[in-house]
Amino acid sequence: MKKGWKIGSSFVLASFLALAGCGSSETTSEGTESEGSSGSEGKTFKIGVNQIVEHPSLDAALEGFQAALKEKGLEVEYDVQIAQGDQNNSQTIATNFVGDNVDLIFANSTPSAQSALNATNEIPIIFTSVTDPIGGGLVNSFEEPGANITGTTDTHPDAIPNTVKFIDENIEGNKVGMIYNSGEQNSVAQIDLVKNAMEGTDLEVVEASVSTSAEVKQATESLIGKVDSLYVITDNTVVSALESVIGVAADEDIPLFVGELDSVARGGFAAYGFDYYDIGYEAGEMAVSILTGEKKASEVPVQYPQKLKLQINAKAAEDMGIEIKDEWKEEAEILE
């Protein structure tokens, strides 16, 4: 799959006015010259994109989603709305998409998907970047998601257990600091998974809760002297301010584990993760099958990420006082 994509921008005044004050907006049209799928030839689909914040992982998921539809030859007009981390904005965006009678809503995060489902039980919803779709009240089960919603989750069953095992076997000390937004159901679910994975070890979670990205640096600093390592899960609030955590970790020589590969590239020490582009692309393939009438959302099972790998940032390791062991090199992809 190609990661390059081109967009031609054209702002739609009516949509802009309807969503003024809700967040950033971008309306684009994309397509290819190839023949569209059966039943979609000659039609331009309108997709509303509801994304809670802008950060590299969510942006990559959106890029993958759009690439999948483009490669399948569908003509699509996107109305991309960023809620700026505000759940009220997210709900307004979703409600306006329903009023605009879009063909499909792409919900990029747990809050975005919850807002979309609150707004409609008729328009198909495809989500991604969602950690716990059942606990978040989005689907009934992975196999039979529900009437009008399905998508891809951003948690691999082995990611958290593997990370906890790596910390337990390789990092001195047993206190693991975790900064997260307790208002994000996605994050609360992951904290519980981490604690469950720590059972039978000496590891212990030391929590620091935040409400906004502006609080992340101070919350991280509050853990200095109390923890031996840091673990940032896929919390949108914290990941959007990850550089604040990276700076503290480097200054204090604290190993920083992260929840996805984009955060390793930004300066996290290590992660068992996957490319958000890939789960966005897989969500896009689901959207194609629904828009072309091949399947209904209720007939498309929720999907886990298909690839998982350990990635280590060599420069971050040096900055955080970590010596990379030879046995790590056999398992991990090392970013130089």
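Treat the numbers as computed from the prediction; the structure is a model and nothing was measured.
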In Å and rounded to the nearest 0.5 Å, what is the CD1 to CD distance from I290 to E285?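 Reported value, rounded in 0.5 Å steps: 12.0 Å.
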How many angstroms lie between CG in L58 and CD in E260, if you round to the nearest 0.5 Å?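 Answer rounded to 0.5 Å: 8.5 Å.
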Within the supplied structure, the quantity of interest is the number of heavy atoms (other residues, nucleotides, ligands) at a distance under 6.0 Å from E243 CD; does it exceed 12?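 More than 12 heavy atoms, drawn from other residues, nucleotides or ligands, come within 6.0 Å of this atom.
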Could you walk me through whether I254 and M320 pass the side-chain contact (heavy atoms from CB on, under 4.5 Å) test, one step at a time? CA-CA 6 Å; I254 303 174; M320 297 169 192; over 6 Å; no
State plainly whether one hydrophobic cluster holds both L117 and I105, where clusters connect Ile, Leu, Val, Met, Phe, Trp and Tyr through side-chain heavy atoms under 4.5 angstrom apart.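 Shared cluster, yes.
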Any chance the rings of Y78 and F106 have centres within less than 6.0 Å?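 Not under 6.0 Å, so no.
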Would you check if the distance from the ring center of F269 to the ring center of F257 is below 6.0 Å?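 So the answer is yes for these two rings.
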Do the charged groups of E199 and K195 touch, with an N to O distance under 4.0 Å?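 Salt bridge between E199 and K195, a charged N being under 4.0 Å from a carboxylate O: no.
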So, are R266 and D262 salt-bridged, with charged N and O less than 4.0 Å apart?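 Result for this pair is no, no salt bridge flagged.
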May I have the step-by-step check of side-chain contact (heavy atoms from CB on, under 4.5 Å) for L291 and K43, ending in yes or no? CA-CA 10 Å; L291 290 171; K43 177 174 181 177; over 6 Å; no
I'd like to know if the side chain of Y272 pairs up with that of D158 as donor and acceptor (distance under 3.5 Å, no hydrogens or angles considered).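 No, no side-chain donor-acceptor contact under 3.5 Å.
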Assess the side chains of S141 and E144: does a donor N or O sit below 3.5 Å from an acceptor N or O?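 Checked: S141/E144 side chains show no N/O donor-acceptor pair below 3.5 Å.
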